[in-house]
Structure formats: structure tokens, C-alpha cells
There are 2 protein chains.
Amino acid sequence: MEAKDRYHHGSLRKTLMDAALDSLEKDGLQGLSLRKLAESAGVSKTAPYRHFKDKKELLINIAADGFGMLADRLAVAGPADAAPGAEATAEAGHPAVDAGADVMRLFRAYIDFARERPALYKLMFSPLGYSLHSEKCRLNSERALGYLFSAVGKAQAAGWRSGRETRALGLSIWASVHGWATLLIDNLLPEWIAGNGDEWIAHAQALLI
Amino acid sequence: MEAKDRYHHGSLRKTLMDAALDSLEKDGLQGLSLRKLAESAGVSKTAPYRHFKDKKELLINIAADGFGMLADRLAVAGPADAAPGAEATAEAGHPAVDAGADVMRLFRAYIDFARERPALYKLMFSPLGYSLHSEKCRLNSERALGYLFSAVGKAQAAGWRSGRETRALGLSIWASVHGWATLLIDNLLPEWIAGNGDEWIAHAQALLI
DNA sequence: GAATAATGTTGACGCTGCCTACATTCGCGA
DNA sequence: TCGCGAATGTAGGCAGCGTCAACATTATTC
């Protein structure tokens, strides 16, 4: 925006991260190259190495942010009593009526996120196993899963599948939602369900409800 | 094995496919390069292009074979009456007792396959969307899923979750098993479940049973 | 046996990640 | 205010990759 001809960029790290996210959305993980990012930031091809040890480290940071975004989404879509101004609905008091509904809302939010940012979601769960090597990745993913697990626990307390161990049920739900997300993203489902709509929900409920 | 100095390889295509599968298991998709495959086959770097249009076409064929292998696995692990010599158990006649057991056996076989050949499994469901672009891929994957769906249908006929639509339930089961497979493969589960053992089964049953 | 198709080779191009050596600028302590 | 070290950016180069075009060799077929 300002003088472009100064030696130091000023905020190259953030610029590269933003550009990487854009590139991911546009061309996928395949099309993301450090050199292109550098060029788009108006900087030489090796400048990125002052901020990231290598390409993998950049991607790990992107993935970590992705888990953060997912966690934020789930937080917003979480159980009513976790959202601000929830006391009202709590007072209204129909606790056990739609016990599974909260879980289903998270399920939905999770998949919405994955479908909005498919390349990012794939990166987050990519072959390189990013989430294991980064503390930030681990923390954010644990936060995201935390919302899911606590919703499952509360739903159980309200009578939904109360017989099962919460830990086991939570992991099963996670596996299920992750499976749906990847199948939807990769367009592996038959046409009568793979559209952009919510037809998948009716099917997913066959197992969940 | 024989004279190595003849101009034509004789079975380069198959050799390349085998080498590709090996490379996949050993170094993952990342480490697979056409040039290395060519060299391991004792052939020049561009020779593979006489048998595959490009790298992607090779991988699509590998993926198609993978779906074939998966289908074979599921066929063997399928409902007892589909296996040879099953009349005996059928005569014994406890049809509805463990209606979900057949589904669970397929579930197990599916995940065993994925864990034995993680790189191949990931390729089969990789970002490139292989299964869509190849007839062989599509047919083999449909065969594999066919076993799963028919097991679900039979289990329903025997009383297991009989209220649900088979198509929806089958897809949900597939999403679930696929989710478990990828989470296990990528080591994203907590240590207390991610071992090589079958601890995951107890957890998966929390949703399935 | 000659024409033709199938198969393999050579050399090159552009792209990539990343290394080493060097240049510029920033920020802090004297 | 100066100067020095740290932070940041640049230039050039290397090896590996997928792929293309041109050419060589062998198999097949009339």
C-alpha cells in the first residue's frame, strides 16, 4: 500500500500466511509453492526462509490456524449454555427434549467448515501428520474436539445414548463426522447426496439418532 | 532375471505398477517419483510415458487396484452365506441373534486393510479424486461398497436398526468406517487407542451397536 | 523383406525446495 | 549519537522432479 521499495517488508510472515491460505483455497495444496508465495508478496524466493524453517513449517502453522478456526466455529455452534446470553433459554427449560440436537448442530458446523475450506481441512488432516508436530496444532485441535466431546457428554446427561462411555461415543462421533467431511469434500458420494445442500444430514442421522 | 541388456523390457508396465506399490508402502505418496520407478526398473526416465500418459494415470491405476484389493478383502469377510461352505452355519440357524455381527466383521476387515496399506488407502481417497476419473476405479469401489451395503441390508432384515433406510444407513456406516480408518492411519487418536491393537473396536461400537 | 507400430533413449525446459554467501536495515547499549 | 550485532532480505546455484520433442531400436504385419 505504501512505499513498495523499502528493503524490509514489515509484516512478511503474516503476508505469507494469508497468501498461503488464499493459494490453498484457489489451487489446493498441490499448487502451493513457496516461490509463488514469495513473489506474490513482492519478495525474493528465499525470503520466506527467514520466517519458516521450511515449507512444512509454514503448512503446519496454516494447519494450526485451521484448527483454531474450526474450534471457533464449534464454539459458536456449541451448546446453548456455552454461548453468551444463554441463561434465557436455560430458564425456558426444556433440557432433555432435544438432547441430541446440540451434537447435531456441532456435526453440522463441523461439516460446513470443511466444505467451505476443503483444501485447508485436507491440509489439517494431511498425510504429513501435522497435528502431532506442533504444539499450537495440538492445542487448537484439542479445543475443537473439546467442544464436541462436551456436547456429547451433556447430551448423554440429558438422556441421549446415556449407556455408552462418553469417551468412546465422542471418538465415534468424531470419526463419523470426519468421515462424512472427507467423503463430501472429495466428492465420493453419489450425485443424489453430494450436492451443496444438506441432503447428507438426513443420511447421517440414520446412524446418529 | 534373464538377459538384462535387451532393448525392450518386456513387461515394463507391470514392473512399474509393482514398484509403485512398493514405493508407496515404503516412502509414501510423497516419495514416489516416476524417475525413481524407471530407474528401479532399469529403464530410462521417460520410458514410463510409453505406458502411462502421466504420473496421475499411473496413480489412478494403482488406486483402482487398491479398490480391487479392498473389495476382495470385504468379499472374504462378508456375510457367512456369501462364503463357501456357509450352509452349515445357515442350518444351525440363529439368524437374528448377531445381526450386526456381519457388519462389524466387514468394518473390521475394512480397517485392517487400511492399516496394512496406509499409503495405498490414502492414495485411493486422495485429493486428486481418482475414483471419479477411472472406470476401473469406480467399478472396484462400487464392488467394495456393495459388500458393505448388502451386509447392512441383511442385518436390517435380521432386525438390526431395521427402521432406517438402507441406503442412508449404509452411507453412514461407510462414512464412519472411513473416518476411523483415516484417523487410525494418521495417528490422530490418543495413545490409549491408537496402538496396533483392536482397542478402537470397543469405541466404535459405542455408536454402531 | 519392407513398412509400420510399439517401445525405449537422449537431451532439454521450467518448476520446485533449499543451501551458501552476501547485502541492507533495525534496535539497543555505550 | 554512534556503532555493533541481530534480524531480515537478496543473488546465485544445486539437485530432483514431471514432461516434451526428437531420435533409436525392436516387434509385427502385409
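Here the structure is a predicted model, which is why all the values come from computation and not from measurement. Letters A, B, ... mirror the listed sequences (proteins, then strands); counts begin at 1.
Contact between the side-chain N/O atoms of A/Ser44 and the OP1/OP2 oxygens of D/dA11 is not found at any separation under 4.0 Å. Remark: B/His9 is not in phosphate contact with D/dT26, judged by side-chain N or O atoms under 4.0 Å from OP1 or OP2.
Listed by first and then second residue, the salt bridge (Lys or Arg N to Asp or Glu O under 4.0 Å) pairs involving residues 140-153 of chain A are A/Asp72-A/Arg143, A/Arg138-A/Glu142 (not counting sequence neighbours). Applying the salt bridge (Lys or Arg N to Asp or Glu O under 4.0 Å) test to every pair with at least one member in residues 58-70 of chain A, sequence neighbours left out, gives these pairs: A/Asp65-A/Lys136. Residue pairs that meet the salt bridge (Lys or Arg N to Asp or Glu O under 4.0 Å) test with at least one member in residues 8-32 of chain B, sequence neighbours left out, are B/Lys14-B/Asp18, B/Glu25-B/Arg117.
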Practice task
For nucleotides 18-26 of chain C, just jot down a letter per nucleotide in 5' to 3' order: B, S or -, based on protein non-hydrogen atoms under 4.0 Å.
Solution key: BB-B-BBS-

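Going from atom NE2 of B/His51 over to atom C1' of C/dT7 covers 6 Å, rounded to whole Å. One interatomic measurement links the two molecules: CD of B/Gln30 to C1' of C/dG17, which rounds to 12 Å at whole-angstrom precision. Taking atom CD on B/Glu39 and atom C1' on D/dG16, their separation rounds to 12 Å, with Å as the unit. Atom CZ of B/Phe52 is separated from atom C1' of D/dC20 by 19 Å (rounded to the nearest Å). Rounded to whole angstrom, the span from the CD atom of A/Glu57 across to the C1' atom of C/dG17 amounts to 14 Å.
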Only distances under 3.5 Å count here; give the side-chain donor-acceptor pairs of residues 46-53 of chain A to other protein atoms, sequence neighbours excluded, each with its distance to 0.1 Å.
none

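Under the rule for a ring pair (Phe, Tyr, Trp, His ring centres under 6.0 Å), the partners of B/Tyr121 that lie at least two apart in sequence or sit in another chain are B/Tyr110, B/Phe125, B/His178. Listed by chain and residue number, nothing satisfies the side chain to side chain contact (heavy atoms under 4.5 Å, CB included) test with A/Ser162 (two or more places apart in sequence, or in another chain). With sequence neighbours left out, A/Asp54 forms a salt bridge (Lys or Arg N to Asp or Glu O under 4.0 Å) with no residue at all.
Applying the 6.0 Å contact sphere to CZ of B/Arg108 captures no more than 12 heavy atoms from other residues, nucleotides or ligands.
Using a 4.0 Å cut-off on heavy atoms, none of the residues of residues 12-27 of chain A approach DNA chain C.
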